[in-house]
Amino acid sequence: MAVDVILGLQWGDEGKGKIVDYLADQYDLVCRFQGGPNAGHTIKIQDKKFILHTIPSGIFRAHITNIIGNGVVLDPITLSKEMNILDQAGIEYKHRLLISSKAHLILPTHRYLDAATEASKGQSRIGSTLKGIGPAYMDKTGRNGLRVGDLLTQDFKSKYNNIREKHLNLVKLYPEIEFDLEVQESQFFESIEVLKQLKFINSEYFINQALSEGKQILAEGAQGSMLDIDFGTYPFVTSSNTTSAGVCSGLGIAPNKIREVIGIAKAYCTRVGSGPFPTELLDETGEKLRTLGHEVGATTGRPRRCGWLDIPQLQYTIMLNGVTQIVLTKMDVLDTFETIQIAHSYRYDHKESNELPFDIVGKPIDPVYHQFEGWNTSLDAITSYQDLPSKALQYIETLESRLNTRISMVSTGPERHKLLPK
Ligand code: GDP
Ligand code: IMO
Ligand code: MG
């Protein structure tokens with residue numbers, strides 16, 4: 001009886017999908033606890049690549065039940081598209097994909113509002129994925145939202161029209177933008193019918209019952225801890241708690257049920273969208289990371305900003321999440337670097353510190369780097385951790401010692417089998 005958690009330790013896209021898919025085999029349930037279709041979790045199985053936005057990444061393991069938790073904001077249009085992709089791939093999933101009745105719905109007008117508010121911000125825009133995440137969570141906390149369970153109530157249409165009217169009045173506050181509401185609404189109502197093929201459940205009861213029966217549960221996070229609404233680089237964040245606290249509120253799991261917190265970190269850093277990024281490289285090294293790492297957003301197709309690994313940033317997110325082990329991904333991307341750098345501490349306000357300042361948005365941070373010699377060998381053919389080049393092992397050991405946390409696996413490619421447990 002235990003819940004293990006997988007979440008991102010940086011700014012998202014750390015490779016969570018691949019690791020959830022790999023580890024899912026050891027669990028009975030895989031549950032998404034927050035976020036929505038702003039997520040893009042890539043899973044490569046042989047020559048097939050899937051990008052999941054809402055469906056948990058345990059779906060490719062035939063015996064596993066997958067739950068979309070109450071903490072998720074769900075867009076029926078995206079979900080029905082994902083279902084269609086799984087149908088086409090011949091995956092049987094409908095009996096083992098369950099949705100919390102308490103998950104909030106993203107309506108077309110939430111996306112309309114997201115687009116209008118972002119457009120009005122000009123240079124100071126957040127770089128949102130424009131999936132309606134912010135407005136949907138605003139309605140949730142503002143106690144106006146519609147939930148999945150509402151879809152089965154007689155007066156859904158009138159509730160929908162009510163909130164739609166409110167949204168259309170709000171949109172008038174912003175400069176006009178193009179948005180084909182009629183087309184989006186017709187897709188929305190078609191998708192609702194597709195969604196109704198799935199079972200809506202009181203997921204908090206279902207999950208706690210599974211726990212009491214001794215089942216193993218894996219909670220899958222979206223985004224990364226630096227995008228957390230409370231602890232991220234506010235306001236350049238998403239609108240949910242992406243940290244381990246989100247597991248409790250997003251699934252109805254008590255804190256004392258959580259066992260392992262598996263933090264996923266890339267061997268370097270990326271960020272998509274605006275906001276502070278202390279180790280960002282705006283030069284050809286950054287470009288090289290982007291090219292070799294294929295650093296393009298899985299949801300939006302935008303190029304990801306790239307930079308070196310950042311120890312103070314990781315220390316912070318390890319602290320916030322209670323990380324018990326780290327999976328280091330994309331090590332292979334560093335294969336051809338003569339030298340590799342790690343930000344060891346920060347310099348700001350004329351002092352050296354490992355603490356992220358409150359005003360991280362306004363304050364120039366000067367990272368203090370440590371340089372490593374690269375291993376300059378392809379990791380492609382390596383099939384066991386012990387066979388990693390000694391310089392790669394040195395890099396990993398330095399990280400473990402600076403982060404005071406065990407690195408339990410190293411990922412060396414996008415495919416399922418490219419993973420070296422320690
Ligand atoms: P997520 O949002 O955390 O699931 O990550 P994304 O799917 O958005 O981005 C991770 C990208 O890196 C995807 O294209 C993965 O296929 C790819 N990937 C994952 N692990 C590795 C790895 O170890 N090496 C390489 N080269 N690519 C990887
Ligand atoms: P996964 O789960 C990377 C970023 C957006 C933007 C900010 C707010 O694939 O790691 P939002 O759409 O939530 O209003 O956007 O957060 N963002 C992500 N960046 N990976 C993600 O998810 C992200 N989800 C949101 O780019 O900067
Ligand atoms: Mg992603």
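We're numbering straight along the sequence, starting at 1. As the structure lists them, so they are numbered: ligands from 1, and atoms in each ligand from 1.
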*For Asp13 and ligand 2, does the shortest N/O to N/O distance drop below 3.5 Å?*
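There is such a contact, yes.
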*Would you say ligand 2 has an N or O under 3.5 Å from any N or O of Arg302?*
yes
Any heavy atom of [X] closer to ligand 2 than 4.0 angstrom?
{"X": "Gly127", "value": "yes"}
{"X": "Arg271", "value": "no"}
{"X": "Gly40", "value": "yes"}

*Would you call the rings of His370 and His344 parallel, tilted or perpendicular if under 30° counts as parallel and over 60° as perpendicular?*
parallel
*asked:* Does any part of the side chain of Val272, heavy atoms only, come nearer than 4.5 Å to the side chain of Arg305, both counted from C-beta?
replied: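 When only atoms from C-beta onward are counted, Val272 and Arg305 do not touch, as no gap falls below 4.5 Å.
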*In the protein, what heavy atom is nearest to atom 10 (C) of ligand 1, and what distance, to one decimal place, separates them?*
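I find the closest protein heavy atom is Asp13 O, 3.8 Å.
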*Please list all pairs passing the side-chain hydrogen bond (donor to acceptor under 3.5 Å, both in side chains) test where one or both residues lie in residues 371-383, with sequence neighbours left out.*
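Non-adjacent pairs meeting side-chain hydrogen bond (donor to acceptor under 3.5 Å, both in side chains): Asp335-Trp375, Glu373-Lys391, Asp380-Lys418.
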*Is there an N/O/S atom in Gly12 at a distance below 2.8 Å from the Mg ion (ligand 3)?*
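Checking the Mg ion (ligand 3) against Gly12, no N, O or S atom falls under 2.8 Å.
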*asked:* Once side-chain contact (heavy atoms from CB on, under 4.5 Å) is applied, do any residues pair with Ser186, and if so which ones, sequence neighbours excluded?
replied: Glu190
*Geometric cation-pi criterion Lys44 and Phe50, 6.0 Å radius, 45° cone*: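 Pair Lys44/Phe50 does not count as cation-pi.
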